[in-house]
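Single-structure report; data block below.
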Amino acid sequence: MSISRNAIAVIFYTFSCLLLLISSILSWLDSWIYFNLIILLISSLMVAFFSLIVSGNIFSILFIFISFWILYGLSGPVAVVFGIDFPDIFPKPYLVSYFLLHFSLGSVGLISGILAGFLCLRPSLRSSNEKASQSFLVLCALVFSFLALFFELVNFTRAGGIEAVLSGKAAYQSAISELTATLPTQVVATAAFAFLGLIFSKRRDGKIWLFICTMVLFPAISVSIVLGQRGAILTYGMAFFIGVFYERPLSKLRLKLISAALIAYVFMGFIYGLRASAWREISNNFGAGLTLIVEKIQSVKFWASSLNPGSNEFGAPFGNFNTYVVSGGKAAVKWGETYLNGLTIIVPRFIWPDKPISATYEFRDAFFPFEAERGQIAGTAYSSILEAYTNFGSIGVLIVFGIFGLFLITLEKLKARFQGIVYFTFYVMFVTFSIWSHRSALEFPLFWPLVMAACAYTLLLWWRSIGVGRPQMRQLRNA
């Protein structure tokens with residue numbers, strides 16, 4: 001007798017919660033920290049499989065969110081407990097057990113919200129089995145690619161050009177953030193790669209269009225590589241694969257996929273380790289700069305720091321949480337203030353100069369004021385666990401991530417109801433939220449998905465109005 005998908009999900013949920021409960025109890029016993037980490041690693045694998053069972057797709061927003069939740073949550077504690085390099089900027093003592101307690105609470109909240117939505121939200125009937133025309137997908141990819149190129153050239157020029165880029169990531173991003181009406185290059189480029197993924201999965205000439213649009217986007221990609229912005233590169237890659245497997249879900253890991261992921265991880269470690277300093281040396285003296293790069297990549301320390309997730313942004317959630325608690329922040333509860341302030345992100349500062357600052361920078365100014373001297377956006381990032389904790393205490397971590405889980409499963413359920421391009425655009429733009437929300441404040445994650453979905457809808461209306469592909473118009477009515 002075969003076991004239903006619902007039953008399998010409940011089984012994985014039950015065992016995951018049991019292990020997380022054990023971990024929560026062990027978090028009060030520092031002497032059991034090694035055993036606690038083993039329990040958490042096992043439970044995290046079960047949580048990942050649970051999310052895969054529920055979503056049915058490795059390249060779903062739900063599975064991506066859970067995967068990065070685990071990576072961000074455990075990288076820092078593992079690095080500290082096993083004596084691996086961890087940034088000295090974060091103060092000691094390291095309260096690993098206390099953080100793991102809240103990671104366990106957040107994990108229980110996440111899978112509880114996901115399971116509740118999975119079992120209670122009825123699968124929506126498909127509005128239509130019709131798909132958008134392939135020509136329209138090419139139009140969207142080209143429009144967003146050229147728009148992203150235009151945005152990047154404008155931002156690049158206004159920020160100071162190549163000299164600003166070679167000054168480093170913090171300096172360049174600070175220069176960009178200080179501009180009035182900064183143009184969202186990475187947001188639009190992400191949408192372009194998502195549409196390229198759809199094209200790649202549908203058209204025989206998908207590789208050709210991927211090459212053309214990648215060449216159009218090459219200036220933006222090059223700036224990200226020089227700055228060591230592996231986050232942008234990762235986001236583009238994830239958006240592309242979400243597009244590829246959006247209509248043909250990939251439910252099993254393949255050897256090729258694992259190999260590609262490992263190669264991508266090493267490459268992103270490489271560009272992170274070099275950053276802008278090596279490229280500046282090359283621009284000044286090609287031979288000396290090339291020698292510097294060769295010396296760096298031959299160093300064990302270079303690869304250890306570049307590939308160790310705990311020594312870079314993946315360790316930030318633990319490091320920031322620990323900083324807050326060690327510095328006596330336990331007593332303050334903000335009752336949702338930072339979440340409300342985050343909604344003001346949609347209002348440009350030139351319209352509202354005195355609008356509240358993000359929780360990320362409020363935290364930096366309070367605990368790492370010297371980081372602000374490196375640039376307006378410099379800092380140690382933040383932590384979604386910390387934001388829930390500062391607003392509602394320990395129980396708030398459980399509740400907030402329960403809401404996150406319910407929201408994520410709702411996104412997945414709506415895929416069955418809205419199959420057109422507009423919802424696809426809205427859905428795929430949450431890839432940034434799924435990857436980076438764990439090390440930042442929540443702010444207003446719906447903003448850019450709604451804006452880009454509106455852009456896709458505008459293109460759709462224009463496409464209809466000019467009568468292109470008139471025989472295919474029925475296919476677009478439910479987009």
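Model, not experiment: these values are computed from the prediction.
Proximity of a side-chain donor or acceptor of Asn320 to a complementary backbone N or O of Ala316 within less than 3.5 Å is detected. Judged by distance alone, with hydrogens and angles left aside, the side-chain atoms of Glu412 form no donor-acceptor pair with the main-chain N or O of Ser60 at under 3.5 Å. In this structure, Asn155 contributes its side chain and Leu183 its backbone to a donor-acceptor pair below 3.5 Å. Looking at Thr410, its side chain does come within 3.5 Å of a backbone N or O of Leu406 through a donor-acceptor pair. Side chain of Arg439 to main chain of Phe314: no donor-acceptor pair is present (N/O by atom type, distance under 3.5 Å, no hydrogens or angles). Put simply, the side chain of Ser201 gets close to the backbone of Leu198: a donor and an acceptor are under 3.5 Å apart. Listed for the Asn391 side chain is a donor-acceptor partner under 3.5 Å among the backbone atoms of Gly336. Judged by distance alone, the side chain of Thr390 and the main-chain N or O of Glu387 form a donor-acceptor pair under 3.5 Å. In this structure, the side chain of Thr425 does not engage the main chain of Ala453 through any donor-acceptor pair within 3.5 Å.
Pairs engaging residues 220-244 under the ring-ring contact (aromatic ring centres under 6.0 Å, His included) rule: Phe59-Phe241, Phe193-Tyr236, Phe200-Phe240 [sequence neighbours left out].
Between Arg464 and Leu460 the shortest side-chain heavy-atom distance falls below 4.5 Å. Put simply, the side chain of Leu459 does not reach to within 4.5 Å of the side chain of Ile421, judged on heavy atoms. Asn6 is listed as a side-chain neighbour of Phe118, based on a closest heavy-atom distance under 4.5 Å. No side-chain heavy atom of Ser51 sits less than 4.5 Å from a side-chain heavy atom of Phe12. A 4.5 Å side-chain heavy-atom check between Leu20 and Ser104 finds at least one atom pair inside the cut-off. Using a 4.5 Å heavy-atom threshold, the side chains of Ile66 and Leu52 count as separate. In this structure, the side chains of Val400 and Tyr339 come closer than 4.5 Å at one or more pairs of heavy atoms. Residues Tyr246 and Tyr427 are in side-chain contact: their nearest non-hydrogen atoms beyond the backbone lie under 4.5 Å apart.
Ring centroids of Phe318 and Phe90 are separated by 6.0 Å or more, keeping the two rings apart.
Trp436 and Phe68 have tilted rings, their planes meeting at an angle from 30° to 60° on a 0 to 90° scale. Ring orientation note: the planes of Phe401 and Phe404 are nearly perpendicular, at an angle over 60° on the 30°/60° scale.
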For this session: Give the C-alpha distance, both sets of side-chain angles, the deciding distance and a yes or no for side-chain contact (heavy atoms from CB on, under 4.5 Å) between Leu442 and Ser384.
Result: CA-CA 7 Å; Leu442 180 63; Ser384 57; over 6 Å; no
For this session: Let me see the working for His438 and Phe65 under ring pair (Phe, Tyr, Trp, His ring centres under 6.0 Å), right down to the final yes or no.
Result: CA-CA 9 Å; His438 311 290; Phe65 183 95; 4.5 Å; yes
For this session: Decide side-chain contact (heavy atoms from CB on, under 4.5 Å) for Leu139 and Phe195; before the verdict, give the C-alpha distance in whole Å, the side-chain angles of both, and the deciding distance to 0.1 Å.
Result: CA-CA 9 Å; Leu139 170 70; Phe195 277 98; over 6 Å; no
Problem set entry | side-chain contact (heavy atoms from CB on, under 4.5 Å) evaluation trace for Thr190 with Met238 | CA-CA 9 Å; Thr190 299; Met238 284 293 182; over 6 Å; no
For this session: Please assess Leu41 against Leu74 for the test side-chain contact (heavy atoms from CB on, under 4.5 Å), listing each intermediate value before the final yes or no.
Result: CA-CA 8 Å; Leu41 288 170; Leu74 296 182; 3.7 Å; yes
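Around the CZ atom of Phe245, the shell of radius 6.0 Å holds more than 12 heavy atoms that belong to other residues, nucleotides or ligands. Within a 6.0 Å sphere centred on CZ of Phe447, heavy atoms belonging to other residues, nucleotides or ligands number more than 12. Heavy atoms of other residues, nucleotides or ligands lying less than 6.0 angstrom from CZ of Phe392 number more than 12.
Of the residues Tyr72, Phe363, Phe368, the one that meets the ring-ring contact (aromatic ring centres under 6.0 Å, His included) test with Tyr382 is Phe363.
In this structure, the separation between CG on Leu142 and CH2 on Trp209 is 5.0 Å, given to the nearest 0.5 Å. Note that CD1 of Ile53 is 9.0 Å distant from CZ of Arg5, once rounded to the nearest 0.5 Å. Separation of atoms CD1 (Ile114) and CD1 (Ile409) is listed at 6.5 Å; rounding is to 0.5 Å.
Ion pair Lys334/Glu362 flagged as a salt bridge, since at least one NZ, NE, NH1 or NH2 atom sits closer than 4.0 Å to an Asp/Glu carboxylate oxygen.
Using modelled atom types, one finds no donor on one side chain facing an acceptor on the other under 3.5 Å when comparing Trp69 with Ser434.
The heavy-atom pair separating Leu196 from Ala141 by the smallest distance is CD2-CB, 4.0 Å.
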